[in-house]
Structures are given as C-alpha cells and as structure tokens.
There are 2 protein chains.
Amino acid sequence: MTFGNYIRKLREEKQLLLREVASQMNIDTALLSKIERGTRIARKEQVEDLAKALNKSESELLKFWMADKIVNMLKDESNSTEILKKVEEEIKNLTNQKK
Amino acid sequence: MTFGNYIRKLREEKQLLLREVASQMNIDTALLSKIERGTRIARKEQVEDLAKALNKSESELLKFWMADKIVNMLKDESNSTEILKKVEEEIKNLTNQKK
DNA sequence: TTTTGACTTGTCAATATTTGTCTAATTTAA
DNA sequence: TTAAATTAGACAAATATTGACAAGTCAAAA
C-alpha cells in the first residue's frame, strides 16, 4: 500500500471530496489528485495537513510517506536487502550513541 | 561507517591524494574533500567515478552511498524501525511482481 | 443528448535546492 | 618557517520542485 493509495482510501472512507480535503490543505485540487495517484510527492508539511484533514495520526501517515520515498530509492537496486541491513545497523549505532 | 569515511579510508590505503582522485573524477579537490567529510553528497555518477578511481566495485560503493542517504532520512524519525519493516515488505512485493 | 460535477493531465513560471568552482583559510609534514 | 595538502565560505549557474491554471476525461443526472 503506497502513501497515495492509503490517503485515497482514507478520504473515500470518510466520503470526502478531493476539493474538500485540498481546501483544508490550502492547495489546488489537481495537486492533491496527483499526490493520491503518486505522480507528485507531498511535502512533509502537506502530510501533516493531511493528518489533520483526515483525522489520522501524523506518524502513521509519515510512515507511509517515508516508506514510499525509500522504496523509490531502492526499487532499481539489485542489492536492496543488503543496503537495508546496513541501514538498520547504522540506525542502531545512532540510537545507542551516548550524548 | 559512512560513505565518506569509507572512501577516505580506501583512498588513504592506496596513498592517493585528494587532488589525484578528484582529477580522475573531473571535479575540484575541495568538492571531494567535502564528500569525504560528509558535508556534501556525491551524485550517483560520482560514486561510479570513485569506484573506478579507487578500484572498488560499484555496487559496494553504492551500498554505502545509498545507506547513507536512507539513514539521513530516518535519523530524526522516532519509528524508523517500523518504517524499515514496511519498506522491506514493499520491496518484497515489488520483486515478486510477475511481469 | 446535454449538462454537471468530480477528478485528471499537461504545461509553465516562480521558487528553491544543488552543484561545482574560486579564493582564502587552516592544517600537516618536512 | 616553508610548502603542500586539505578544508571552509561564498557565489553564480545549473537543476529540480512547487503550485496554479486551463483544458481534458469520465460517469451520472437531467
């Protein structure tokens, strides 16, 4: 489930129109349409706006949004598994960093 | 081990000067210095050039390079583990995609 | 069939970011 | 101290991103 598909699903469940949500976000309907279809990438600020408009937790939406971006970076790499393993290691190091 | 630290180590092992490697890459010494110190991000093209100049496999260098970028995206996220798990799922889906 | 409303697409100027180089430090090694 | 290597800062040029507008498609209502 991509970010776009996810927010579209949420919007439809709430029976909201593109124009209603877009208006709450202060953006053009066309732009929100593109974000939902994945032809445009939302800015972080817009993800926050969406969380408000759709009454979902910001971190939940950000999870989908960040995952999307990372998947996009990795989708053409042959050794994405190896890369992810390394990322996990490095993150672990970071969080164990004292001070 | 970050990308910058890694290529610096490789360069020093080979006893090459910044200016020698930078010249092979057709970039300014100052830029390579910044890349090694992590204050500038190499372009993918430059990673390829580095692989040649340092006689290392491109995919090995790209692994460090991509991991760096992803770590940077995640370093301020509280739920990075969750995000990575989602990424792994999505990647798995992608590779299982028939046609 | 025409009209209407919701959504989508293509294009473009404005804005923002990235890039690489230059010059001027600073550090290092002799 | 000197000379070479490396680093920092500032800048213009190149590139990328952004959001809006206008025009398009599509389905359902009239």
Side-chain angles (χ1 to χ4, degrees), chain A residues 1-54 58 61-62 64-76, chain B residues 1-54 58 61-62 64-76:
Chain A
M1 171 84 76
T2 63
F3 175 74
N5 287 340
Y6 182 57
I7 62 172
R8 169 149 293 188
K9 183 169 77 66
L10 290 179
R11 180 174 64 81
E12 288 176 341
E13 279 170 9
K14 291 190 177 316
Q15 315 219 53
L16 297 170
L17 299 176
L18 273 180
R19 109 175 108 72
E20 296 174 312
V21 174
S23 148
Q24 278 205 66
M25 299 170 67
N26 294 310
I27 61 172
D28 194 290
T29 302
L31 179 50
L32 181 53
S33 166
K34 285 168 189 165
I35 289 170
E36 285 190 349
R37 318 200 69 245
T39 62
R40 274 296 180 91
I41 296 167
R43 294 186 316 167
K44 189 162 192 172
E45 206 184 71
Q46 291 166 338
V47 178
E48 293 160 7
D49 292 344
L50 273 168
K52 285 207 189 66
L54 299 173
E58 198 173 297
L61 257 54
L62 281 174
F64 280 81
W65 178 73
M66 297 253 4
D68 247 35
K69 298 184 110 175
I70 295 174
V71 168
N72 245 303
M73 293 181 61
L74 290 175
K75 68 176 193 301
D76 299 318
Chain B
M1 171 81 77
T2 63
F3 175 73
N5 288 339
Y6 182 58
I7 61 172
R8 169 149 294 189
K9 182 168 78 65
L10 290 179
R11 180 175 63 81
E12 288 177 341
E13 279 171 8
K14 290 191 178 314
Q15 316 220 53
L16 297 169
L17 298 177
L18 274 178
R19 129 175 93 70
E20 297 173 313
V21 175
S23 149
Q24 278 205 66
M25 300 170 66
N26 294 311
I27 61 172
D28 195 288
T29 302
L31 179 51
L32 181 54
S33 166
K34 285 166 191 164
I35 290 171
E36 286 190 348
R37 311 184 32 95
T39 63
R40 277 292 180 95
I41 296 166
R43 295 185 318 173
K44 189 163 191 171
E45 215 181 69
Q46 293 166 337
V47 178
E48 293 159 9
D49 293 343
L50 273 167
K52 285 206 189 67
L54 299 172
E58 199 173 296
L61 256 53
L62 281 174
F64 279 82
W65 179 73
M66 297 255 1
D68 247 36
K69 296 184 109 172
I70 296 173
V71 168
N72 243 303
M73 293 181 61
L74 291 174
K75 67 176 194 302
D76 298 318

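Here is the naming used below: chain letters follow the sequence lines, and residue numbers restart at 1 for every chain. Note that the structure is a prediction, hence the values are computed from the model and not measured.
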What is the distance from [atom1] of [X] to [atom2] of [N], rounded to the nearest Å?
X: B/Ile27; N: C/dT18; atom1: CD1; atom2: C1'; value: 14 Å
X: B/Glu36; N: D/dT6; atom1: CD; atom2: C1'; value: 10 Å
X: B/Asp28; N: C/dA24; atom1: CG; atom2: C1'; value: 13 Å
X: A/Arg11; N: C/dA6; atom1: CZ; atom2: P; value: 11 Å
X: B/Arg37; N: D/dA5; atom1: CZ; atom2: P; value: 18 Å
X: B/Ile35; N: D/dA8; atom1: CD1; atom2: C1'; value: 15 Å
X: B/Leu17; N: C/dT28; atom1: CG; atom2: P; value: 15 Å
X: B/Leu16; N: D/dA5; atom1: CG; atom2: P; value: 12 Å

Remember a base hit wins even if backbone is also touched, and classify B/Leu31 as base, sugar-phosphate or nothing at under 4.0 Å, heavy atoms. base

Check ion pair A/Lys9-A/Glu13 (N to O, under 4.0 angstrom): yes

Quick test of your reading of the model: are B/Glu36 and B/Arg11 salt-bridged, counting only N-O distances below 4.0 Å? yes

Between the base of C/dT18 and the side chain of B/Lys34, is one N or O donor paired with an acceptor at under 3.5 angstrom? no

Beyond-backbone contact of B/Leu74 with B/Ile70, side-chain heavy atoms, under 4.5 angstrom: yes

OP1 or OP2 of [N] sitting under 4.0 Å from any side-chain N/O of [X]?
X: B/Arg8; N: D/dA5; answer: no
X: B/Arg43; N: D/dA16; answer: no
X: A/Arg40; N: C/dT8; answer: no
X: B/Gln46; N: C/dT19; answer: no

How about B/Lys75 and B/Asn72: does a side-chain donor come under 3.5 Å of a side-chain acceptor? yes

Nearest heavy-atom contact between A/Thr2 and A/Phe64 is O-CD2, 4.1 Å

